[in-house]
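Note that the structure is predicted; figures quoted are calculated from it, not measured.
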Amino acid sequence: MSDHLITDLASLEALFGPVAAPSIAKETDHLHPLYARWIDHARFALLTTSGPHGLDISPRGDPGALARIVDEHTLLLPERRGNNRIDSLRNLIADPRVGLLFLIPGIGETMRVRGRAEICVAPDLLDSFAVDGKRPICVLRISVEKVFFQCARSIIRSGLWREECDTSDVPTPGAMLAALTAGSIDGQAYDSALPQRQRETLY
């Protein structure tokens, strides 16, 4: 098996071949007006960070525009209430680098953003992101370093926006917690209470 591993850049590039010209042309170091307009429609993103204990990726979502564009080099991302693990934020204390993948339901392309983030708790800023009178706990101020859109192939292959899949065999949160805690958490009770708890604690 070790004879079939790619371990150097030259071999990797030979495996895939040259990069197509559009794939190079689409990359910018700022939020081009069309890229900013695209992100204005995104309600969901995946946030990647790196810290002392490794990499992390976590979802972010809002009912309207998720991120706010300040200028061509800056965007703001609210941190809503969650489970208080704050894995991403812990990482940012040690390493400010972030990656974002923005998605728009029904659109195959995604938008990739790389940059550096600061954790801000300015009261006026938190007030400006309030939903139903509830402010985010903090806001990430992201200095943009690289932006480009990703083609739709992975979304098309997965049928993400067009196909209903059979979820009958997918383990529920309660089932996973019950298994991981050897039954000390009542999985059925957890699943039963979860929908209402989520509705009541979105913000």
Side-chain angles (χ1 to χ4, degrees), residues 38-51 53-69 75-93 98-113 117-142 154-155 158-203:
W38 199 102
I39 291 173
D40 276 338
H41 286 82
R43 306 196 305 259
F44 181 83
L46 297 171
L47 172 69
T48 59
T49 57
S50 177
H53 302 292
L55 302 174
D56 188 73
I57 183 167
S58 61
R60 299 290 185 272
D62 260 343
L66 173 61
R68 181 182 301 168
I69 309 298
L75 60 81
L76 302 172
L77 187 71
E79 281 287 320
R80 309 291 184 186
R81 66 181 298 174
N83 56 21
N84 291 340
R85 284 184 55 100
I86 57 173
D87 297 298
S88 299
L89 302 183
R90 293 178 194 275
N91 282 347
L92 291 178
I93 296 296
V98 296
L100 284 160
L101 182 71
F102 288 97
L103 293 90
I104 299 173
I107 300 294
E109 286 72 26
T110 56
M111 190 70 65
R112 294 167 60 173
V113 177
E118 302 172 312
I119 303 170
C120 185
V121 292
D124 290 349
L125 182 60
L126 299 183
D127 287 341
S128 73
F129 277 99
V131 174
D132 295 333
K134 297 177 181 178
R135 307 187 309 177
I137 298 172
C138 60
V139 172
L140 300 186
R141 182 181 176 90
I142 299 170
S154 62
I155 302 295
S158 69
L160 184 63
W161 303 132
R162 62 177 173 79
E163 295 178 4
E164 292 293 331
C165 62
D166 179 9
T167 60
S168 60
D169 196 41
V170 177
T172 66
M176 291 185 281
L177 283 169
L180 290 167
T181 62
S184 65
I185 292 179
D186 184 331
Q188 288 186 340
Y190 186 93
D191 284 337
S192 178
L194 185 58
Q196 182 175 350
R197 184 166 66 248
Q198 288 176 330
R199 287 193 298 270
E200 293 175 350
T201 60
L202 277 181
Y203 294 96

Looking only at non-hydrogen atoms, find the nearest pair between [X] and [Y] and report the distance.
X      : Y      : result
Leu47  : Leu140 : CD2-CD1, 4.0 Å
Phe129 : Arg80  : O-NH1, 2.7 Å
Asp62  : Ala65  : CB-O, 4.5 Å
Pro136 : Ala130 : CD-N, 4.3 Å
Ile137 : Leu126 : O-CD1, 4.0 Å

With sequence neighbours left out, the residues meeting side-chain hydrogen bond (donor to acceptor under 3.5 Å, both in side chains) with Arg112 are Gln150

Look up atom [atom1] in [X] and atom [atom2] in [Y], then write down how far apart they are to the nearest 0.5 Å.
X      : Y      : atom1 : atom2 : value
Leu101 : Ile57  : CG    : CD1   : 7.5 Å
Ile155 : Arg162 : CD1   : CZ    : 11.0 Å
Ser50  : Leu92  : OG    : CG    : 10.0 Å
Lys134 : Arg81  : NZ    : CZ    : 6.5 Å

Can you tell if the side chain of Pro63 reaches within under 4.5 Å of the side chain of Tyr203, non-hydrogen atoms only? yes

Do Val98 and Leu77 touch side chain to side chain, with heavy atoms closer than 4.5 Å? no

Less than 3.5 Å apart, any donor N or O on the side chain of Arg85 or Ser58 sitting next to an acceptor on the other? no

Is a side-chain N or O of Asp186 found less than 3.5 angstrom from the main chain of Gln188, in a donor-acceptor match? yes

Does the Trp161 side chain pair with the main chain of Ile107, one donor and one acceptor, at a distance under 3.5 Å? yes

N/O donor-acceptor pairs under 3.5 Å from side chains in residues 168-175, not counting sequence neighbours:
| residue | atom | partner | partner atom | Å |
| --- | --- | --- | --- | --- |
| Ser168 | OG | Asp166 | OD1 | 2.8 |
| Ser168 | OG | Asp166 | OD2 | 3.3 |
| Thr172 | OG1 | Ala175 | N | 3.0 |
| Thr172 | OG1 | Asp191 | OD2 | 2.4 |

Kindly indicate whether a cation-pi arrangement holds for Arg60 with Phe102, taking the cut-offs as under 6.0 Å to the six-membered ring centre and within 45° of the axis. no

Can you tell me which residue among Val139, Leu66, Ile69, Ile142 is in a side-chain contact (heavy atoms from CB on, under 4.5 Å) with Leu76? Val139

Please identify which of these residues, Arg197, Gln198, Gln196, meets the side-chain hydrogen bond (donor to acceptor under 3.5 Å, both in side chains) condition with Glu200. Gln196

Does anything in residues 39-49 form a side chain to side chain donor-acceptor pair (under 3.5 Å)? List the pairs, not counting sequence neighbours. Thr49-Asn91

Could you please spell out the steps behind the side-chain contact (heavy atoms from CB on, under 4.5 Å) verdict for Leu180 and Ile185? CA-CA 9 Å; Leu180 290 167; Ile185 292 179; over 6 Å; no

Any chance CZ of Arg68 has more than 12 other-residue heavy atoms, nucleotides or ligands included, within less than 6.0 Å? yes

